[in-house]
Amino acid sequence: MQRSLRNWWLPVLGWLCLAGCNSSNTSPGVTAAGERRIIILTNGNSPYWDACRTGLQRAEKELKLKEAGLSAILENSQATPQGQLDRLRQFASQTDIAAIGISALDASNVSIANELRELAKKGVKIVTIDSDVDRDKMRDARFAFIGTDNLTGGRELGKCAAGLRPEGGEYVTFVGRTGAQNAIERISGFGEGAGPKFKQADCMPDDTDRTRARENVRNAIKNHPELKVLVGIWSYNAPAIIDVVKELNKRDAFTIVAFDAEFLTIKGMEDGQLDAMVVQNPFRMGYDGVKLMKALVEDDQKTIHALLPNHGQPDGDIYDTGLKVVVPDSGSKLKADMFQKNTQFMKLSEFNKWLADHGLKES
Amino acid sequence: MSSTKPPPSSHAASLPQAPGGLRRPFGGVLHALNRPEWGLVVAIIVVAAITGLVDRQHIYFKDPRASAIDIMRQTAMLGIFSLGAAIVIISGGIDLSCGSVIAFSGTICATLMVLLAPEEMRSGAPLGGWVLFLSMAGTLVVGLLIGSFHAWLITIVGLPPFVATLATLVGLRSFGRAIIETVTVTVYKTPSTQIQLNDVFFLDMTKSVPNRVMLFLILAGLAWLLLSRTVPGRHLYALGGNENAARLSGIRTDRLKWLAYCISAVLSCVAGILYIGDQSVADPQTLGQGYELNAIAASVVGGCSLQGGVGTIPGAVLGALFLRTIIDGVSKMIKTGADVYEGLIVGAVVVVAVAFMQMRGAGRRGKRFFSGGLGIVTILNLAILSGVLTAIFAEKMALNSVRLGISAGAVVLVGLTLVRLMEFQRARRNAQAGFTKEKD
């Protein structure tokens with residue numbers, strides 16, 4: 001008996017490898033028989049996507065997807081191009097996928113674009129959400145993009161830094177992966193928005209390891225004595241910056257600006273530890289993403305036209321979900337007229353009210 | 001693990017004895033000074049000194065206290081779960097699950113807090129001592145259960161330790177995620193992939209570097225006492241050295257395996273609790289990814305043999321300190337874009353450190369490292385590697401990268417060729433001496 005049990009280990013190993021390969025994280029929820037799925041495939045795991053999921057669930061309920069024989073699901077892929085590719089290949093082998101909204105982790109990845117094209121050939125409707133594919137070379141791989149222009153977001157964050165510190169100075173950007181498209185665009189946009197008085201001292205990636213994210217902030221502060229601005233590019237970078245600056249008791253020495261509003265980031269701003277944040281609207285990405293994909297599946301031209309009135313014209317396939325610049329309730333030098341017209345300028349209390357109205361804790 | 005290995009041995013186990021079993025005078029002192037851990041101490045001092053000199057701000061010299069705190073902050077965390085990994089390795093096993101157990105235990109701790117005090121967790125109000133105590137105690141109990149599960153898979157089901165702990169490496173992270181989503185939906189009606197932590201007392205307690213270091217030293221002290229001053233500790237060495245011999249000697253090897261895997265899992269749980277406090281969030285998907293390899297690396301650098309039966313707790317402690325000193329040193333020496341070179345430098349230093357320790361013993365016995373065709377290929381390999389690395393660093397320092405790269409490659413090529421020739425001469429001499437002795 002013992003010997004036969006010992007012989008189990010090979011099949012078990014095989015099973016584990018398969019389980020490991022398939023260990024992407026599916027959101028809870030089982031589709032009923034006969035239902036076709038609308039899927040939003042993320043580029044990793046973050047509270048940012050929780051807000052998107054809330055929008056997706058609201059859309060599923062309000063747009064009566066069940067009555068249309070559809071369901072909406074948010075799936076997290078591993079934060080690597082391979083993880084996303086594996087997930088798309090799994091979808092390709094399934095027959096109940098009606099539409100996919102993907103947040104492209106690597107905009108110029110040819111394999112991902114080809115996989116999207118293959119899915120489209122099979123009748124699956126494809127849109128990009130939050131992060132687009134390369135618009136020069138791979139635009140045909142999706143019907144439309146729903147989200148925020150990260151380059152514009154970066155510029156708005158850069159303007160925040162310039163408004164708060166007109167004399168300029170050295171800055172360091174903190175990010176999960178420097179190669180990710182949204183990171184490239186945000187960092188590049190930040191440089192443009194901040195202007196020539198600001199000089200990038202370093203860009204420090206952490207591979208989504210939050211401990212390393214904190215370590216990076218400590219090292220940046222030690223390594224660059226002229227450092228004046230700390231810039232959080234991915235959502236968890238802001239809490240890391242806030243934490244370390246507080247720990248070192250150096251709040252007065254730095255201007256801190258960041259992307260996205262994680263719970264701890266919001267709390268940090270309430271405590272006076274953050275000067276400005278640029279916030280996207282993942283809730284709306286989830287809601288309008290599902291709305292557009294449902295319309296595509298049902299060939300509902302009226303809804304498609306309402307969302308994308310200029311589709312077919314240059315950049316008519318881009319649906320902008322908007323940006324918010326959030327500043328503390330008092331004492332900020334930033335004013336609404338410093339930013340683009342379609343960027344919402346909000347005080348923190350207004351933003352918190354907006355979150356509460358949408359049933360969100362973060363965005 | 002293996003029945004062909006020599007009898008159990010360890011640096012801690014082998015007492016300095018004169019022929020006939022009598023102890024040499026001052027033998028204990030000499031033995032202590034001859035321990036391989038001193039090599040690590042020297043290596044740590046050398047790395048710190050090089051960092052202090054090469055770093056253009058000389059941070060290590062100007063602000064040694066802050067630098068020490070920076071290094072110790074992460075050393076304590078790595079060290080805590082490396083202790084468990086070292087004990088498992090000494091007992092002849094391997095634990096690949098540290099990273100996932102850290103993620104899972106963090107999840108369990110935060111989940112217990114949500115279940116025990118949902119409103120306080122939502123509003124950010126203080127949780128209260130009993131909630132924190134029960135959450136942490138519950139997490140440690142879960143650690144015991146995980147360790148027991150590993151022991152059951154290995155001793156009863158008969159899975160190799162590699163496969164048994166691979167199962168939890170793969171499964172626990174997903175399990176943690178499922179738990180968090182289910183609990184947040186049940187308690188807050190909104191699914192979330194993470195649980196945020198706000199309790200000021202808990203965060204301050206876990207973020208405090210002195211607390212972490214003290215906890216690490218206490219745990220290291222207890223582990224050292226267990227391995228070097230207790231019967232089960234000596235039996236763990238015996239188990240790692242030769243499992244069959246240990247079993248035939250009457251040692252209850254299954255219980256020892258249970259002990260080793262439980263210690264490892266519980267220490268990973270301690271680290272998990274500290275990590276969620278450090279990060280103020282429990283995120284099973286990203287927490288502790290790849291940390292199992294860091295723990296194994298710290299243990300191996302610290303002198304543990306993956307074949308079992310060899311290694312010490314001071315070695316594992318110094319191994320963790322050595323790794324963190326290098327990582328911190330790289331970030332201080334390369335001010336911009338350090339991440340590009342960090343893996344390369346840490347990997348190279350780890351290989352050199354472990355190879356040096358292996359070669360130290362082997363070299364004395366006249367082993368040839370560059371003999372035959374494989375030796376020639378290795379010499380070429382190392383020469384090319386040195387040349388490319390030198391060129392990369394020369395380019396970064398705005399020097400003539402091509403010339404310096406070729407020069408460095410040539411120096412290594414000539415140097416190692418000379419080593420090969422010397423090895424060949426020595427082998428020939430030894431062969432001749434053996435032949436003459438045989439003839440006589």
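Lettering of chains follows the sequences in order, A, B, ..., and the numbering in each one begins at 1. Everything quoted here is computed from the prediction, not taken from an experiment.
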(message) Are there over 12 heavy-atom neighbours, none belonging to Y341(B), within less than 6.0 Å of that residue's OH?
(response) yes

(message) Quick check against the 3.5 Å criterion: does T165(B) have a side-chain atom that pairs as donor or acceptor with the backbone of D95(B)?
(response) no

(request) Check whether T54(A) gets within reach of chain B through its side chain, its backbone, both or neither, counting any heavy atom under 4.5 Å. (result) side chain

(message) Can you confirm whether the side chains of Q285(B) and R177(B) place a donor and an acceptor under 3.5 Å from each other?
(response) yes

(message) If you count heavy atoms of other groups shown closer than 6.0 angstrom to CG of N249(A), is the number above 12?
(response) no

(message) Below 4.5 Å, heavy-atom pairs only: which of D328(B), L203(B), V281(B) has the largest tally toward chain A?
(response) V281(B)

(request) Would you check if W354(A) and H358(A) make a side-chain contact, meaning some heavy-atom pair closer than 4.5 Å? (result) yes

(request) Would you mind reporting whether L264(A) and N198(B) have side-chain heavy atoms less than 4.5 Å apart? (result) yes

(request) Pick one of side chain, backbone, both or neither for R214(A), based on which atoms fall under 4.5 Å of a heavy atom in chain B. (result) side chain

(message) For W234(A), run the side-chain hydrogen bond (donor to acceptor under 3.5 Å, both in side chains) check against T173(A), T208(A), D260(A), N182(A) and tell me which one passes.
(response) N182(A)

(message) If only side-chain N and O atoms count, and only distance matters, is there a donor-acceptor pair under 3.5 Å linking Y236(A) with Q279(B)?
(response) no

(request) Under 4.5 Å heavy-atom distance to chain A, tell me which part of A178(B) shows up: side chain, backbone, both or neither. (result) neither

(message) Within the 4.5 Å heavy-atom criterion, are F263(A) and Q194(B) side-chain neighbours or not?
(response) no

(message) Please classify the contact of Y275(B) with chain A as side chain, backbone, both or neither, using a heavy-atom distance under 4.5 Å.
(response) side chain

(request) Check the pair Y48(A) / D130(A) against side-chain contact (heavy atoms from CB on, under 4.5 Å), numbers first and verdict last. (result) CA-CA 11 Å; Y48(A) 176 87; D130(A) 172 60; 2.5 Å; yes

(message) Side chains of I256(A) and Q273(A), heavy atoms from C-beta outward: is any pair under 4.5 Å?
(response) no

(request) Check whether D63(B) gets within reach of chain A through its side chain, its backbone, both or neither, counting any heavy atom under 4.5 Å. (result) neither

(message) Heavy atom to heavy atom, less than 4.5 Å: which residues from residues 218-226 of chain A reach chain B?
(response) R218(A), N219(A), K222(A), N223(A), H224(A), P225(A)

(message) Using the side-chain hydrogen bond (donor to acceptor under 3.5 Å, both in side chains) definition, which of the options R73(B), K207(B), R212(B) pairs with D278(B)?
(response) R212(B)

(request) Check whether any side-chain heavy atom of M72(B) lies under 4.5 Å from a side-chain heavy atom of L321(B), and answer yes or no. (result) yes

(request) Examine whether an atom of L287(B) lies under 4.5 Å from a heavy atom of chain A, and if so say whether it belongs to the side chain, the backbone or both; otherwise answer neither. (result) neither

(request) Can you check whether anything in residues 51-60 of chain B gets within less than 4.5 Å of chain A, heavy-atom wise, and list it by number? (result) Q57(B), I59(B)

